[in-house]
Amino acid sequence: MPADWPDVIVPVQTLSDSGITYVPQQYIRPLSERPIGNNTATKSNTCDWGFFQVVNHGVDLDAVKRMRQVWKEFFNLPVEQKKLYANSPMSYEGYGSRVGVDKEAILDWNDYYFLTLLPTETTIPEKWLSAPSNLRDVTEKYTFHMMNLSSLLLKAISNTLELDEEHLNMAFGGSHGITASMRVTYYPKCPQPDLTLGLSPHTDIGGITLLLLDDNNVAGTQVRKENEWVTLQPMPGAFIINVGDQIQIISNGKYKSAEHRVLANSDEERLSIAFFCNPGGDLPIAPASKLVSPISPAQYHPTTFNEYRK
Ligand SMILES: O=C(O)CCC(=O)C(=O)O
Ligand SMILES: [Fe+2]
């Protein structure tokens, strides 16, 4: 992986704050990839969608409120101060505005901060921000709550697959092996949201993602259902949950790691905090043997998460 980006990085916030009235060429998508129309979800189950929302989740509301506050405060800092934590393609840890090093790539309308959270030995001390001063403490407390919620969700998903309740937690490495990271994404207002995207289509490569939106609850996440992009309507106070590729593998394809993307928005800025609960890097991840049979053969070969994400 190259040590640096192919171009000078201009934060999207800098473009947006400059009062620009058009989207620069590098952000413009070909016609077929632009967001058109607006489809709203009809009811169906999680296995089909790979996405659901949880309410009454029991997560300490104060911890959630402080988490939103500190990260909003960080993104409100002057760009020059945030750039002190600029990331590189080597690890992506820190403040950044692009993913991938292809010089010709179309860029997304967002700036983000990526951080490894667990195991604590793998966190990078220089990437823990000193401003706001309580950011580390607040983020670590939030991590604790998210790990508890992840563990509950992994149990619930194991149950729906008729696996032992601890199956997914153990497959991810148990309480000492499981890993976690986070991406906080800031989507500044965009002058021409129909020409670009807040975030390109992707699946989450890890285990399970717990997404928290800012309290203005701006919609924007779209989930792909066959050939349609469906806009998710965020419920107040809910976490938006989606399963990643590793659960698709363990469930032998019963759960789908859904492709999703984010729309840009001309009226409102948006902040989202994605918490990724992932398997330990060196455990082979494979379809659960209970879900494999002559009529339902294994669809995936065992692969460690470190190999998978290369
Ligand atoms: O901001 C969103 O709605 C989704 C973010 C996301 O998909 C991600 O960070 O992987
Ligand atoms: Fe995602």
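In this chain, numbering begins with 1 at the start of the sequence shown. Start at 1 and go down the list; that is how both ligands and their atoms are numbered.
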**Prompt:** Got more than 12 heavy atoms from elsewhere within 6.0 Å of CG, N56?
**Reply:** no

**Cationic N near anionic O, under 4.0 Å, E166 to K155** = yes

**Request:** Please determine if K82 and D111 form a salt bridge, counting it only when a charged side-chain N lies under 4.0 Å from a carboxylate O.
**Result:** no

**Request:** Sort out the contact shell of ligand 1: every protein residue with a heavy-atom distance below 4.0 Å, listed by chain and number.
**Result:** R183, Y187, L199, H202, D204, L211, T221, H260, V262, R270, S272, A274, F276

**Message:** Are F239 and L199 connected into the same hydrophobic cluster when the rule is that any two of I, L, V, M, F, W, Y join if their side-chain heavy atoms are below 4.5 Å apart?
**Reply:** no

**Prompt:** Would F75 end up clustered with L84 when hydrophobic side chains under 4.5 Å apart are linked, directly or stepwise?
**Reply:** yes

Is there a donor in the side chain of [X] and an acceptor in the side chain of [Y], or the other way round, less than 3.5 Å apart?
X	Y	result
S272	R183	no
E269	Y186	yes
E93	N87	no
D245	T203	yes

**Request:** Taking 2.8 Å as the upper limit, name the protein N, O or S atoms near the Fe ion (ligand 2).
**Result:** H202 NE2, D204 OD1, H260 NE2

